[in-house]
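Protein chains get the first letters and strands the later ones, always in sequence-line order, with residue 1 at the start of each. We use all heavy atoms of the structure for the numbers below, so side chains are in, but hydrogens, waters and symmetry mates are not.
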2 protein chains.
Amino acid sequence: MIIDSDAVRQQEGSSKCAGSPEGTAQDRTALVRGILSRIGDKWSVMVICSLGVRPLRFNELRRAVSGITQRMLTSTLRALERDGIVSRTVHPTTPPAVEYALTDVGHDLQCVLYSLATWADDHADTIHTARARYDERTRA
Amino acid sequence: MIIDSDAVRQQEGSSKCAGSPEGTAQDRTALVRGILSRIGDKWSVMVICSLGVRPLRFNELRRAVSGITQRMLTSTLRALERDGIVSRTVHPTTPPAVEYALTDVGHDLQCVLYSLATWADDHADTIHTARARYDERTRA
DNA sequence: CAGCATCCACCTTGATACTG
DNA sequence: CAGTATCAAGGTGGATGCTG
């Protein structure tokens, strides 16, 4: 589906990364695409990070993730809940109290997101200067 | 900007993840959002993965990333080049030959993407069943 | 408090045609 | 070969009003 085999077959083992023992490049690509379509939207990461600190109720989350609307918070939470990344616990009081928390899977995901953040941290300067130089050259 | 401090301040050290020594949750969230807005689009990851195998020329890439249009390949490559994730080398022959390759930064990013893929691999079953159960319950 | 329903603007992507 | 330009379509997210 994703990658044509002819163009990519050679030098399959050229990656110097640790890990990544089995699975084709195509598989990996598809998997990453799947995750990104899940958490690559505008709000999922912020929700996950907020819940990573501690479980929160709906309106607590709304305040924590500043700028989000109820509509987007609702749909984001539903999507994450559907995939078992966050749990939703209803306490049948009046008024109702609903608590959202990261599941174990969600917590693992949060760890991976930290590795992403670490990458960004490590290369922030490089990226920034690269961007500045690129903009410099293309403005001319 | 991202996260309101009141709702999140407590229990800052509750994350059981390895790493992540300094930096606030807000910083991390902003960083991850930044990356995701860069590579969270429809094609960036596939391009990165393709170039991770070996450097490719424009039309090789177009064949490798099946389904992509010239327009999207061009804009994806420009964005990645701007951030110093891929390099663009023009060989002034006739017809012109342009080679795209991952930079060191891009290669590091590819490694992080592998950790994302590993997460997806590890939890694919859990997610799938969670999703099935969720759809089951909501259909009723 | 914790949502759902509706309508709408914009942005991303795709299709297509053309160029050095 | 390696692009650029233009136009159209669809999805994503925002604003608003209403409910148990």
Side-chain angles (χ1 to χ4, degrees), chain A residues 1-2 4 6-7 33-34 36-47 50-51 55-82 86-101 134 137-140, chain B residues 1-2 4 6-7 33-34 36-47 50-51 55-82 86-101 134 137-140:
Chain A
M1 161 204 183
I2 301 301
D4 178 73
D6 287 339
R33 278 290 318 146
L36 290 176
S37 61
R38 194 62 33 187
I39 63 167
D41 60 80
K42 196 170 179 182
W43 301 108
S44 289
V45 171
M46 301 192 204
V47 169
S50 296
L51 291 179
L56 294 168
R57 290 171 54 185
F58 188 85
N59 279 314
E60 286 178 321
L61 260 174
R62 197 147 78 91
R63 283 186 292 271
V65 183
S66 63
I68 198 171
T69 59
Q70 314 100 313
R71 189 174 111 79
M72 290 318 296
L73 181 54
T74 301
S75 69
T76 300
L77 285 169
R78 290 291 176 274
L80 295 174
E81 187 197 354
R82 187 173 108 101
V86 309
S87 64
R88 178 175 182 273
T89 313
V90 182
H91 299 95
T93 57
T94 44
V98 180
E99 187 175 82
Y100 292 92
Y134 185 92
R137 274 180 317 195
T138 52
R139 219 189 25 249
Chain B
M1 163 204 184
I2 302 302
D4 180 71
D6 287 341
R33 279 289 319 145
L36 290 176
S37 62
R38 192 63 32 185
I39 63 166
D41 60 82
K42 197 172 178 182
W43 302 107
S44 289
V45 171
M46 300 190 205
V47 170
S50 296
L51 292 179
L56 294 170
R57 291 171 55 185
F58 188 85
N59 278 314
E60 286 178 321
L61 259 174
R62 196 147 77 91
R63 282 186 292 272
V65 183
S66 62
I68 198 171
T69 59
Q70 318 97 309
R71 193 177 106 79
M72 289 319 295
L73 181 54
T74 301
S75 69
T76 300
L77 285 170
R78 292 288 177 276
L80 294 175
E81 187 197 354
R82 187 172 108 100
V86 309
S87 64
R88 178 175 181 271
T89 313
V90 183
H91 299 94
T93 58
T94 44
V98 180
E99 187 175 81
Y100 291 92
Y134 185 91
R137 273 181 316 193
T138 52
R139 220 190 21 252

Report which part of the nucleic acid A:Arg78 touches: base, sugar-phosphate, or nothing (heavy-atom distance under 4.0 Å, all strands).
->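 If one applies the 4.0 Å heavy-atom cut-off, A:Arg78 turns out to touch the sugar-phosphate alone, with no base involved.
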Looking across every strand, which nucleic acid part, if any, lies under 4.0 Å from A:Arg88 by heavy atom: base, sugar-phosphate, or nothing?
->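 Since only primed, P, OP1 and OP2 atoms lie under 4.0 Å of A:Arg88, the category is sugar-phosphate.
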Does the side chain of [X] reach to within under 4.5 Å of the side chain of [Y], using non-hydrogen atoms?
{"X": "A:Leu73", "Y": "A:Val65", "answer": "no"}
{"X": "B:Leu77", "Y": "B:Leu61", "answer": "yes"}
{"X": "B:Val90", "Y": "B:Arg88", "answer": "yes"}

Return the minimal non-hydrogen interatomic distance between [X] and [Y], and the atom names on each side.
{"X": "B:Val98", "Y": "B:Tyr100", "answer": "CG1-CE1, 3.7 Å"}
{"X": "A:Arg33", "Y": "B:Gly40", "answer": "NH1-O, 4.2 Å"}
{"X": "B:Met46", "Y": "B:Lys42", "answer": "CE-O, 3.7 Å"}
{"X": "A:Phe58", "Y": "A:Gln70", "answer": "CZ-O, 4.0 Å"}
{"X": "A:Ser44", "Y": "A:Arg38", "answer": "OG-O, 3.5 Å"}

Please give, in whole Å, the distance from [N] [atom2] to [X] [atom1]?
{"X": "A:Leu56", "N": "C:dG3", "atom1": "CG", "atom2": "P", "result": "13 Å"}
{"X": "A:Leu73", "N": "C:dC4", "atom1": "CG", "atom2": "P", "result": "11 Å"}
{"X": "A:Arg63", "N": "C:dC1", "atom1": "CZ", "atom2": "P", "result": "7 Å"}

Between the protein and nucleotides 12-14 of chain D, which nitrogen or oxygen pairs are less than 3.5 angstrom apart?
residue, atom, partner, partner atom, Å
D:dG13, OP1, A:Lys42, N, 3.1
D:dG13, N7, A:Arg71, NH2, 2.5
D:dG14, OP1, A:Lys42, NZ, 2.8
D:dG14, OP2, A:Trp43, NE1, 3.2
D:dG14, N7, A:Arg71, NE, 3.2
D:dG14, O6, A:Arg71, NE, 2.8
D:dG14, O6, A:Arg71, NH2, 3.1

Using a cut-off of strictly less than 4.0 Å, decide whether A:Tyr100 has a side-chain nitrogen or oxygen near OP1 or OP2 of C:dC1.
->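 The answer is no; no side-chain N or O of A:Tyr100 sits under 4.0 Å from OP1 or OP2.
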Would you mind telling me which residue lines up with the more 5' stretch of DNA chain D, A:Gln70 or B:Pro96, judged by nearest nucleotide?
->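 Closest to the 5' end, via its nearest nucleotide, is B:Pro96.
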Quick one: pull up CG in B:Asp41 and CE in B:Met72 and give me the separation to the nearest 0.5 Å.
->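 One finds 6.5 Å between CG of B:Asp41 and CE of B:Met72.
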Enter the inter-axis angle for the ends of the helix from C:dC1-D:dG20 to C:dG20-D:dC1 (five pairs per end, rounded to 10°).
->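 Between the axes fitted at each end of the helix from C:dC1-D:dG20 to C:dG20-D:dC1 lies an angle of 50°.
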Can you figure out which of D:dC1, D:dT4, C:dA2 approaches the side chain of A:Arg57 most closely?
->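 So the nucleotide nearest the side chain must be C:dA2.
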